[in-house]
Amino acid sequence: MGAIRSAEGGPLRRAGRGVGRVLRSPFTGAARGVRKATHAHGAGESGLGKLIELHAVNSAGDMMITIALASTVFFSVPTDQARGRVALYLAVTMAPFALLAPVIGPLLDRVPHGRRAAMAGAMLTRALLALTMSGAVATGGLELYPAALGVLVASKAYGVVRSAVVPRLLPPRISLVKANSRVTLGGLLATGLAAPLGAGLHQLGPEYPLYGACAVFALGTFLSFSLPHKVDSAKGEARARLVSGEHRPISIRHPRAGKPEKNGKQGKNGNGKQTRKEKKPGLRTVGSSVLHGLQANSAMRMLSGFLTFFLAFMLRVHPLGGLSPAMSLGVVAVAAGGGNALGTAIGALLRSRGPEAMIALVLSVSLAMAVTAAVLYSPVAIGAVAAVAGISQALGKQSLDSLIQRDVPEEVRTSAFARSETLLQMSWVVGGAIGILLPLNGVLGMSVAAGFLALGVATAVRGLLTAARRGSPHPRVA
């Protein structure tokens, strides 16, 4: 009997293994395809591929938390109550974040040797906070909001560190702007996959997307330490400042030590010779292109934050013609997300030699679209504004990255990315606050959007075009 069972079990086991291979093949094939795409053009050898995968995990977790919060704060109550809840959300989360955001970049800039640990800490913090929010998400209790603030701060801290890490992982054949495009595109694709998954988990209960986010961020915690050790290296770096620096601390060279000792004032070295003052490298000392690029991108980031909150409420009260509020929000979200993905893909394909002109172009097009939507208000115009805002934000940010790579000295470039990212995130917060406080009138909203875009055009476009005609202060272009 044992021989018979063995003879019968052999074919059954082989058949079971065959079925298992068939069932696994779509997933293993997809995993191999993703790994091949993320590790192409030297990204696997440099470690950039691992960062792309980590950012995809980060984006998926953020999307699941967004779904859980939106269902609790926005969709589960009538419009008037929802507006009050979102106003409370802004007061408890965005307002403190506006105070904390300027500290994030400088604080993380002081721990360059712990970037992997900082990214892992941001992931682990959100995993634990997701579990904390799972108990309050069904009732919408006040304890939900401090936890949401912690998630927001941890998410932005991760974004700042990620921007600082990318230059360390550049393959020889990929420019910085293309590397950032690939990282962003990986995050967008993961967001698109996580959205329906999070919606499906929400059908089981409002806390289930948060359980999913906890699992995703736990995975991200381990992936953070899989990045190469050079991520934690600060060799050749210094801190960048957003203010002008006249001089750098004096370097006093000791005859025996062979290393300069920094002093805060002018003096004499060991040989009795007068030390010389040198300019301290900073964002103002490398020309006006970077600062004007920051001004323009801040205006476009304000537009993104404004549209997120303003359209979320306005379309709930005044949906697009013939559509339900949920469908109206879905159309605008798809338009904005599709525009962002399209802008990212365009940036990855183009080899722009004029980032100043690109930033000026996308900012001017955004202004023209907002003015058109204010004058000819219609559902098509709203969708077009969302799509153009997505394209402009993606191309503008990539062009800003190119400017920083080109004009900021290498020893302060990593710090400059951290500072600029913090400033852009603060601009999004300001735009979101304007969107939640404004009356729900479409023409008024588009007029306000056109107003702060016009301010961005007035302060940045002329300087960008002048800098483009004058040429780069440094000949090397990404």
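Just so you know, residue 1 is the first one in the sequence shown, and it goes up from there. Everything numeric here is computed off the predicted structure, so don't read it as measured data.
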(request) Tell me, yes or no, whether the heavy-atom count around F222 atom CZ, taken from other residues, nucleotides or ligands under 6.0 Å, exceeds 12. (result)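 No, CZ of F222 has 12 or fewer neighbouring heavy atoms, counting only those of other groups under 6.0 Å.
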Using the test ring pair (Phe, Tyr, Trp, His ring centres under 6.0 Å), find all partners of [X] that sit at least two apart in sequence or belong to another chain.
{"X": "Y377", "value": "none"}
{"X": "H55", "value": "Y158"}
{"X": "F310", "value": "F306"}

Tell me, please, which residues at least two apart from [X] pass side chain to side chain donor-acceptor pair (under 3.5 Å).
{"X": "S366", "value": "S392"}
{"X": "S155", "value": "D62"}
{"X": "N58", "value": "R126"}

Could you list the donor-acceptor pairs under 3.5 angstrom formed between side-chain atoms of residues 435-457 and any protein atom two or more places apart in sequence or on another chain?
{"unit_1": "N441", "atom_1": "OD1", "unit_2": "V443", "atom_2": "N", "d": "3.2"}
{"unit_1": "N441", "atom_1": "OD1", "unit_2": "L444", "atom_2": "N", "d": "2.9"}
{"unit_1": "S447", "atom_1": "OG", "unit_2": "V443", "atom_2": "O", "d": "2.7"}

Only counting residues at least two apart or in another chain, list the ones meeting side-chain contact (heavy atoms from CB on, under 4.5 Å) with [X].
{"X": "Q398", "answer": "V177, S181, T344, A394, L395"}
{"X": "V365", "answer": "L361, V388"}
{"X": "T191", "answer": "S59, M63"}

(message) Determine whether a donor-acceptor pair (N or O, by modelled atom type, separation under 3.5 Å) exists between the side chain of S427 and the backbone of L423.
(response)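 Yes: the side chain of S427 pairs with the backbone of L423.
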(message) Under a 3.5 Å distance rule, please check whether R116 uses its side chain to pair with a backbone N or O of V231 as donor and acceptor.
(response)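 Here the side-chain-to-backbone pair does not exist.
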(message) If I take atom CG from residue L303 and atom CG from residue N297, how far apart are they, to the nearest 0.5 angstrom?
(response)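 If I round to the nearest 0.5 Å, the distance is 12.0 Å.
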(request) Look up atom CG in L294 and atom CG in L424, then write down how far apart they are to the nearest 0.5 Å. (result)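 Here the interatomic distance stands at 6.0 Å.
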(message) Show me the pairs that pass side-chain hydrogen bond (donor to acceptor under 3.5 Å, both in side chains) and involve residues 209-226, at least two apart or across chains.
(response)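 Matches after skipping sequence neighbours: none remain.
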(message) Please list all pairs meeting salt bridge (Lys or Arg N to Asp or Glu O under 4.0 Å) that have one or both residues in residues 381-399, counting only residues at least two apart or in different chains.
(response)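 The answer is K397-D401, K397-E421.
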